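Quick caveat, the model's predicted, so the values are computed rather than measured. Numbering of ligands and ligand atoms starts at 1, following listing order. These values consider heavy atoms only, across backbone and side chains, with no hydrogens, waters or symmetry-generated copies.
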Amino acid sequence: MRELITKSFLEIFAQEPIHAFAPGRINLIGEHTDYQEGFVFPAAVAQGIYFGIQKNNSNSARIHSFDFNEDFRFDVKSFSPRKGHWGNYIMGMVSQLNQAGYEIEGFDMVFGGNIPVGSGLSSSAALSVGVGTSISGLFDLDIPKKSLALYAQKSENLFEGLNCGIMDPYASAFGKADHALLLDCRSNSHEEVPISLGQYSLLLVNTNVKHKLADSAYNKRRSACEESVDILSSTFTGIKTLRDIAEADLPKVKSILPKELFSKAKHVILEDVRVHQAGESLRSGELGKFGELMKASHKSLSQDYEVSCEELDFLAKESWKKKYVLGSRMMGGGFGGCTINLLENNHILEFKKSIATSYLAAFNIEPDFIEVKPSDGARLVK
Ligand code: ADP
Ligand code: MG
């Protein structure tokens, strides 16, 4: 991919670029906890986006998307959002950098990669973080990774209108090979947890569906959590989010909250606990325990938090039946997207065949399989 980007850059701009790379990400466990300042457990993956970039001594940014074979141009001193266009992620980052006081001059850029768009690996975060990394390298700005992650988050918020969390750009920026990041969404800091999978692998199965409910349900769940915090704060004084409630307080929480709110709060409170347990089990190499936590997470998301769908439930349940699968759960916001599965290497082919057949029979849709491996985060490439 890198060579293709260089070649394309030379053809279009007739000079040598410098290079950067930014990966997509998975989340091992910790779903719908980020907006309650809880814990998540992402890792960067090997799939990502490559960038070639060079100064052009003007005020223009001239960009070529290799994957979409499309050009986009804007004036780095004066531009406005263009929602839904890939160029928006680039303008969003330049806008953040400008606001932070970095002097950005004109540049030429070609980028392209191998993250399937919109399937849960967060190609948009890779694009934003990669733009930040390449501009930082080109103009010798030495921008800290955490700032890049925060700019990327703000950029998507302001330019795309997406109320997204810090996890995706954070994982793309800080990823480390054979590690996952136990990320605290209150302090925005993380612990690296080594992951040694041995004879096991992580495999995503894409349902290839996206139900319309997703956005409205997301907002409803967020408000439900906020309502619970409001109600609970008269008993649990000083709490700011559900993250501040301990597992031991669940019986009390149950006696206070209406049934509907309780099941939602319970998910968030126990999912935080599961993230820490997952950290422990991966640290000590207890993959079986981690697999059980994945299953518990899925059940909680499906039954208590109610953000799963038929297709995700089907894939998870089919996987749980197989002896060589240690764990399986929905990954991401829900109502479609992927399941993440931990299974024995030498059964991957058998798994793909079996799942493809049963999923096709049940829904008349072909699933996609994506092999993922915890990998290094965004960087300049020599
Ligand atoms: P995801 O879950 O993959 O982040 P999003 O809908 O949030 O999906 O972001 C996908 C958008 O990001 C695309 O529509 C496009 O605008 C931009 N994008 C991602 N990867 C690329 C790429 N390789 N080339 C051009 N644009 C990309
Ligand atoms: Mg995205």
Contacts of Lys352 that satisfy salt bridge (Lys or Arg N to Asp or Glu O under 4.0 Å) - sequence neighbours left out: Glu371

Selected option - heavy-atom contact closest to atom 16 (O) of ligand 1, from Trp86, Phe68, Phe72: Trp86

Among Val117, Ile63, Asp168, Asp67, which one has a heavy atom closest to atom 14 (O) of ligand 1? Val117

Any side-chain donor-acceptor pair under 3.5 Å between Glu70 and His85? yes

Using heavy atoms and a 4.0 Å limit, tell me yes or no: is Gly118 in contact with ligand 1? yes

With distance as the sole criterion, is a donor-acceptor pair present between the side chains of His19 and Thr6 under 3.5 Å? yes

Can you report which non-hydrogen protein atom sits closest to atom 18 (N) of ligand 1, along with the distance? Leu127 CD2, 3.8 Å

Identify, for atom 12 (O) of ligand 1, the protein heavy atom at the shortest distance, and state residue, atom and that distance. Tyr89 CE1, 3.5 Å

Geometric N/O contact Ser124 with ligand 1, under 3.5 angstrom: yes

Mind checking whether Phe111 has a heavy atom under 4.0 Å from ligand 1? yes

For the NZ atom on Lys266, are there more than 12 heavy atoms of other groups (residues, nucleotides or ligands in this structure) within a distance under 6.0 Å? no

Check whether any protein heavy atom sits under 4.0 Å from atom 8 (O) of ligand 1. yes

Hey, is there an N, O or S on Ser124 sitting under 2.8 Å from the Mg ion (ligand 2)? yes

For Thr241 and Arg186, test the side chains for any donor-to-acceptor distance below 3.5 angstrom and give the result as yes or no. yes

Do Glu156 and Ser124 pair up side chain to side chain, a donor and an acceptor below 3.5 Å, judged on atom types alone? yes

What pairs of residues pass the salt bridge (charged side-chain N to carboxylate O under 4.0 Å, His left out) test when at least one of them lies in residues 19-33, not counting sequence neighbours? Arg25-Asp168, Glu31-Arg329

Tell me which protein heavy atom sits closest to atom 19 (C) of ligand 1, plus the residue, atom name and distance to 0.1 Å. Ser123 OG, 3.1 Å

